[in-house]
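Report on the structure given below.
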Amino acid sequence: MRAAFAGIASVAAGLGAAELVAFVVSPGASPLFSAGSLVIDLSPQWLKERVIGLVGTADKVVIIASVVLLVAVLAAVAGLLERSRPPWGRVLVAAVGGLALVAATTRADAGIASAIPSAVAIAVGIIVLVSLSRRASAAESAVGAREQGMARRTFLVASGLAAGAGILAAVGGRIAASGVQAVNAARRMFTLPTPAVAVAPIPPGASLSVPGLSPLVTPSSDFYRIDTALLVPSIDPANWTLRITGMVDREVTLTFDELLALPLEESYTTLACVSNYVGGDLIGNALWLGYPIRHLLAQAGPASGADMVLSRSVDGFTAGTPIEALTDDRNAILAVAMNGAPLPAEHGFPVRMVVPGLYGYVSATKWVTELKVTTYAKDSAYWTDRGWSAHGPVKLSSRIDTPRESRRVAAGRVIVAGVAWSQHVGISRVEVQVDDGAWSDADLADAISSDTWCQWSFPWDASQGRHKLTVRATDSNGRLQTSAYADVVPDGATGLHTILVDVG
Ligand SMILES: Nc1nc2c(c(=O)[nH]1)N[C@H]1C(S)=C(S)[C@@H](COP(=O)(O)O)O[C@H]1N2
Ligand SMILES: [Mo]
């Protein structure tokens with residue numbers, strides 16, 4: 001017991017020291033977070049899916065909590081080993097710390113300094129472990145009740161201090177290093193330029209006022225978040241540049257000030273995640289402000305054989321976008337603002353991509369710093385390397401928002417309502433089916449544009465009992481949403497959203 005506690009206290013002290021050092025030398029090199037990121041990158045696809053499915057966007061908390069738990073167990077084992085078979089406890093601490101060191105130095109944004117926090121964790125962990133183990137055995141071998149009591153107290157105080165200081169340092173270092181304050185300050189400092197091309201006002205009929213229906217424009221605070229970044233990258237816009245490289249006539253480099261000085265355009269675009277199950281909520285609609293990527297690509301002069309643009313984020317994430325989607329006339333932009341404010345840190349501050357019609361994993365790179373003009377034959381992107389399709393056009397889909405699944409509603413007139421989308425194509429019709437009856441047309445609200453979702457509603461005369469409601473949409477090319485079920489892997493779910501409602 002005492003030995004296990006000595007192990008945990010030593011490792012806590014080591015990790016605390018590491019967090020403080022990481023804050024000074026390299027915030028991304030925290031051993032805990034590097035290990036967590038390595039877990040994300042190495043864990044099999046089905047597990048990632050399962051975790052995201054189970055805990056939604058709390059996935060990061062779960063991953064860090066699991067890493068902490070695993071480390072605590074290993075630390076306890078190290079303590080026990082150090083007592084029964086020294087020096088194997090120290091060896092275990094060094095081995096686990098070594099893994100964190102490898103994780104920290106192989107991150108995409110790693111430098112030589114990235115090794116320092118893990119090295120400090122190993123050194124402090126071992127020193128404290130040796131010293132606490134000595135005190136623990138002193139407590140055991142002390143002769144006489146008074147001496148034993150004294151030695152025990154010394155051990156308790158020393159290990160309590162080590163553990164407490166470690167946890168305090170870890171939390172403090174983390175808060176300081178998260179850079180949240182720095183990014184928030186930078187976001188406040190920068191005033192949004194006036195758009196050169198303002199978006200047309202939203203048609204008055206686009207927004208239905210039905211309680212329980214998703215708002216037409218998703219507030220940024222409610223917007224889904226999906227990324228592989230355990231630590232939200234904190235980028236000082238003064239140091240941000242975008243480089244256009246690869247198969248181009250001339251490389252182009254753009255600073256943040258240069259980007260803001262360009263004629264920026266506003267547009268509403270609905271963004272969807274390929275991992276969104278039918279009926280799921282990994283989709284949102286926002287007002288973006290940015291500069292069309294096609295103009296920047298034209299400046300660079302892509303070679304004729306290029307068919308893909310590999311965008312890269314500071315954190316190493318990459319997305320492969322078909323070059324046509326970035327050169328045709330759609331609103332594919334480098335966005336600097338979301339819903340009238342600078343991009344929130346977790347949505348890509350200072351600059352991200354937004355491309356209508358493509359799932360986020362092949363288009364919506366946050367914290368973007370490079371656009372490499374290339375080919376699908378030569379390059380592949382982050383999720384493509386993990387079993388997802390290289391191409392990810394958003395699939396036609398529709399969702400019932402209200403009533404909620406399994407919710408009881410009163411008999412009589414019930415307004416069924418939801419959203420439907422087929423970005424860059426548009427929606428022409430939405431139909432609802434009650435139980436296994438005939439399909440009836442829902443009222444389709446006006447769309448902001450073909451790049452956004454649209455709302456629909458359906459007045460239903462609900463009779464007592466349990467009923468099944470199903471929705472389907474038709475896109476503006478006359479294509480009916482398929483009822484065939486497909487999983488989210490490899491290129492997006494299909495099928496119809498069906499809910500059960502109890503009336504009475
Ligand atoms: N740098 C970076 N950009 C990224 C990702 C990521 O993991 N890292 N995830 C992509 C995916 S899968 C989606 S669905 C969208 C989600 O954008 P949001 O978090 O702003 O909703 O971001 C995309 N951009
Ligand atoms: Mo996604």
Side-chain angles (χ1 to χ4, degrees), residues 28 36-37 40-41 43 45 48-49 51-53 56-60 63 107-109 214 217-235 240 242 269-277 280-288 290 309-321 332-339 341-371 381-395 397 421 423 453 487-493:
S37 302
I40 293 186
D41 289 346
S43 58
Q45 196 47 50
K48 257 185 268 200
E49 296 271 299
V51 170
I52 290 181
T57 29
D59 51 348
K60 295 179 174 63
I63 287 161
R107 292 293 296 161
D109 51 358
S214 309
V217 179
T218 315
S220 300
S221 54
D222 295 342
F223 208 93
Y224 79 96
R225 172 189 167 200
I226 293 288
D227 53 62
T228 58
L230 270 184
L231 264 183
V232 174
S234 55
I235 302 173
W240 178 89
L242 177 87
T269 295
T270 297
L271 191 63
C273 182
V274 67
S275 303
N276 197 27
Y277 286 95
D281 58 4
L282 299 180
I283 177 167
N285 183 42
L287 173 65
W288 308 96
V309 172
L310 188 76
S311 50
R312 183 179 297 278
S313 150
V314 270
D315 66 357
F317 171 87
T318 52
T321 311
I333 56 169
L334 282 179
V336 297
M338 179 180 188
N339 292 330
L343 287 178
E346 60 274 22
H347 293 293
F349 181 81
V351 182
R352 75 172 304 166
M353 288 170 61
V354 176
V355 182
L358 303 178
Y359 287 122
Y361 83 108
V362 291
S363 71
T365 304
K366 306 192 268 191
W367 316 290
V368 63
T369 54
E370 186 191 351
L371 302 181
Y382 186 89
W383 286 112
T384 319
D385 294 338
R386 289 161 176 80
W388 293 76
S389 167
H391 293 277
V394 178
K395 293 181 181 175
S397 197
W421 60 91
Q423 285 96 308
W453 63 12
D487 192 11
V488 294
V489 188
D491 62 359

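Residue indices begin at 1 and follow the sequence shown. Both ligands and their constituent atoms are indexed starting at 1 by order of listing.
Thr269 OG1 to Asn285 CG: the interatomic distance, rounded to the nearest 0.5 Å, is 7.5 Å.
Seen from the ring of Tyr382, Arg386 counts as a face-on cation partner, given the 6.0 Å and 45° thresholds.
Proximity of a side-chain donor or acceptor of Asn276 to a complementary backbone N or O of Asp281 within less than 3.5 Å is detected. In this structure, Trp388 contributes its side chain and Gly492 its backbone to no donor-acceptor pair below 3.5 Å.
Results of the side chain to side chain contact (heavy atoms under 4.5 Å, CB included) test with Asn339 over Ser220, Ser221, Pro344 single out Ser220 as the only residue that passes.
Sequence neighbours left out, the pairs with a member in residues 347-368 that pass side-chain hydrogen bond (donor to acceptor under 3.5 Å, both in side chains) are Asp227-Lys366, Ser311-Thr365.
Residues of the protein with a heavy atom under 4.0 Å from ligand 1 are Phe223, Tyr224, Arg225, Ile226, Asp227, Thr228, Leu271, Cys273, Ser313, Asp315, Phe317, His347, Arg352, Gly360, Tyr361, Ala364, Thr365, Lys366, Trp367, listed by chain and number.
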